[in-house]
Amino acid sequence: LPGKFDWRDKAVVATVQNQEACGSCWAFSVVGATQSVRAIGGWRLQQLSVQQVLDCSFRNNGCSGGSTFQALSWLKQTGVKLVPQSEYPYKAKTGICHFFPQSHGGVAVRNFTSHDFSGQEEAMMSHLVERGPLAVIVDAVSWQDYLGGIIQHHCSSKWANHAVLVVGYDTVGDIPYWIVQNSWGASWGNEGYVYIKIGGNLCGIADSVAAVIV
Amino acid sequence: SFRAHFRRAYEAEGEESNRRRRLHFQDATKRHAYLNSFSTLPQSAKYGVNRFSDLSQHEFRELYLRASADTAPPFSGLKTQR
């Protein structure tokens, strides 16, 4: 494995989004992984519709919350194609699901994997390099006060409550860390990103890790 | 300064809301001092005032921490070496 790897360097990670006052992190995480994996496959990087997942993934609860696993299961089982964000823009409110004919262009999730990598963060690094950005669930209670830098303490792994996208890692410096894209806007953290020390399953980053196949 | 920077207009919400936001902000500054006491290296995380500082921890969870996790099977692939 390279000492440092960042999918942003390959221009396959879209810009940081802002979920606003809506509990839609799970949809941002799933859509972020899907659009990146498609771009890794050689297609143009395109922002896909988070609102579509929010409105239509019926096993989840829209702005009241949801699970990345349930959203990915729904995408896989139904074969629903994610349309571009421009065609189904984000409103930060749960709305009525808009249906598109199968002939309409979009990106379908063919499959996904979901694993617990706790105690195996080296293997998770390998997974990231091989599969693309990973949708993970973390305990983000202490992120309310985060300004930047590498989180090394006070980030428990007991209560998973927030979905984010792991886009890279850096083990070159004194403190190895994960590079994680959040969906709270670019003014939060390190221009919208949070760095989490690798090892020790900080924030529960390795507990629930999903990779998308399109 | 916080209100000006993050464009908060508590007047519309009444005196009680104004008082409550001030208390949440004060609680946040106490948390920042505690969390920053562990930041010993230059690369360490820093904690401080941001746009969430006038929310209680409960409000923050209710608004932003709404994901749930399903139990995932342990990864059983080959271990890798750097």
Side-chain angles (χ1 to χ4, degrees), chain A residues 1 3 19 21-26 29 61 63-70 114-120 122-127 137 139-154 160-163 171 173-175 177 184-185 187-189 194-195 204 207-210, chain B residues 1-2 4-9 13 21 23-82:
Chain A
L1 287 172
Q19 67 186 71
C22 166
S24 52
C25 58
W26 54 277
S29 172
N61 297 309
C63 283
S64 299
S67 131
T68 52
F69 181 85
Q70 292 295 344
S114 180
H115 287 110
D116 175 353
F117 281 92
S118 51
Q120 300 186 75
E122 288 263 345
M124 184 169 151
M125 287 158 61
S126 169
H127 209 61
I137 312 277
D139 182 338
V141 167
S142 68
W143 296 13
Q144 180 176 0
D145 304 302
Y146 178 75
L147 294 180
I150 306 170
I151 294 178
Q152 301 164 76
H153 311 280
H154 296 289
N161 48 43
H162 185 49
T171 62
D174 294 339
I175 309 165
Y177 62 90
W184 293 344
S187 63
W188 179 87
V194 53
Y195 305 143
D207 281 338
S208 182
V209 179
Chain B
S1 170
F2 172 83
H5 187 76
F6 293 102
R7 295 180 187 162
R8 298 292 206 272
E13 298 173 27
R21 295 290 158 213
L23 285 175
H24 296 332
F25 187 88
Q26 287 168 352
D27 287 344
T29 58
K30 288 175 195 162
R31 286 199 309 272
H32 302 159
Y34 174 73
L35 292 167
N36 283 327
S37 67
F38 294 87
S39 301
T40 50
L41 299 168
Q43 314 95 302
S44 296
K46 303 284 184 297
Y47 300 89
V49 173
N50 63 20
R51 73 172 193 272
F52 303 131
S53 297
D54 64 344
L55 297 178
S56 70
Q57 287 184 298
H58 178 74
E59 285 172 325
F60 178 72
R61 285 177 201 181
E62 288 293 304
L63 270 174
Y64 296 101
L65 307 182
R66 303 302 302 242
S68 54
D70 296 87
T71 306
F75 181 70
S76 56
L78 292 172
K79 294 207 172 184
T80 54
Q81 288 187 321
R82 245 182 289 170

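The shown structure was predicted, so the numbers you read here are calculated from the model rather than taken from an experiment. Just so you know, these numbers use all the heavy atoms, side chains as well, and skip hydrogens, waters and symmetry mates. Every chain is numbered from 1 and lettered A, B, ... according to where its sequence line falls, protein lines coming before strand lines.
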Check: A:N161 and B:R61 side chains under 4.5 Å, non-hydrogen atoms: no
Pairs of heavy atoms under 4.5 Å with chain A: top-ranked of B:L65, B:V49, B:L55: B:L65
Which atoms of A:I137 approach chain B - backbone, side chain, both or neither, heavy atom under 4.5 Å: side chain
Spacing of B:S39 atom OG and A:I150 atom CD1 [to the nearest 0.5 Å]: 11.0 Å
Heavy-atom proximity to chain B below 4.5 Å, by part of A:S64: both
Contact winner vs chain B - A:A140, A:C63, A:G148, heavy-atom pairs under 4.5 Å: A:G148
Partner chain A: residue of B:P42, B:P73, B:A28 with the largest heavy-atom pair count (under 4.5 Å): B:P73
Pair A:H154 + B:Y34: ring centers closer than 6.0 Å: yes
Exercise: identify the closest heavy-atom pair between A:A163 and B:A67: N-CB, 3.8 Å
Considering all heavy atoms, the nearest A:F69-B:D70 contact: CB-OD1, 3.5 Å
Closest approach of A:Y146 to B:N50 (non-hydrogen atoms, all atoms of both residues): O-ND2, 3.4 Å
Contact origin within A:Q144 toward chain B - heavy atom pairs under 4.5 Å: both
Leading residue by heavy atom contact count with chain A [cutoff under 4.5 Å; candidates B:A69, B:G48, B:S53]: B:G48
Most chain B-contacting option - heavy-atom pairs closer than 4.5 Å, from A:W188, A:Y195, A:W143, A:W26: A:W188
Which atoms of B:L41 approach chain A - backbone, side chain, both or neither, heavy atom under 4.5 Å: side chain
Distance-minimising heavy-atom pair for A:I151 and B:Y47: CG1-OH, 3.9 Å
Evaluation steps, ring pair (Phe, Tyr, Trp, His ring centres under 6.0 Å), between B:F52 and A:W184: CA-CA 10 Å; B:F52 303 131; A:W184 293 344; 5.3 Å; yes
Rounded distance (nearest 0.5 Å) linking atom CG of A:L147 with atom NE2 of B:H32: 7.0 Å
A:D139 portion near chain B, given a 4.5 angstrom heavy-atom threshold: neither
Heavy-atom closest contact (B:F75 atom, A:Q120 atom, distance): O-NE2, 2.8 Å
Contact summary for B:Y64 and A:H162, nearest pair of heavy atoms: O-ND1, 3.6 Å
B:L35 vs A:D145 side-chain heavy atoms within contact, under 4.5 Å: yes
Option in A:A160, A:S142, A:S114 with maximal non-hydrogen atom pairs under 4.5 Å from chain B: A:S114
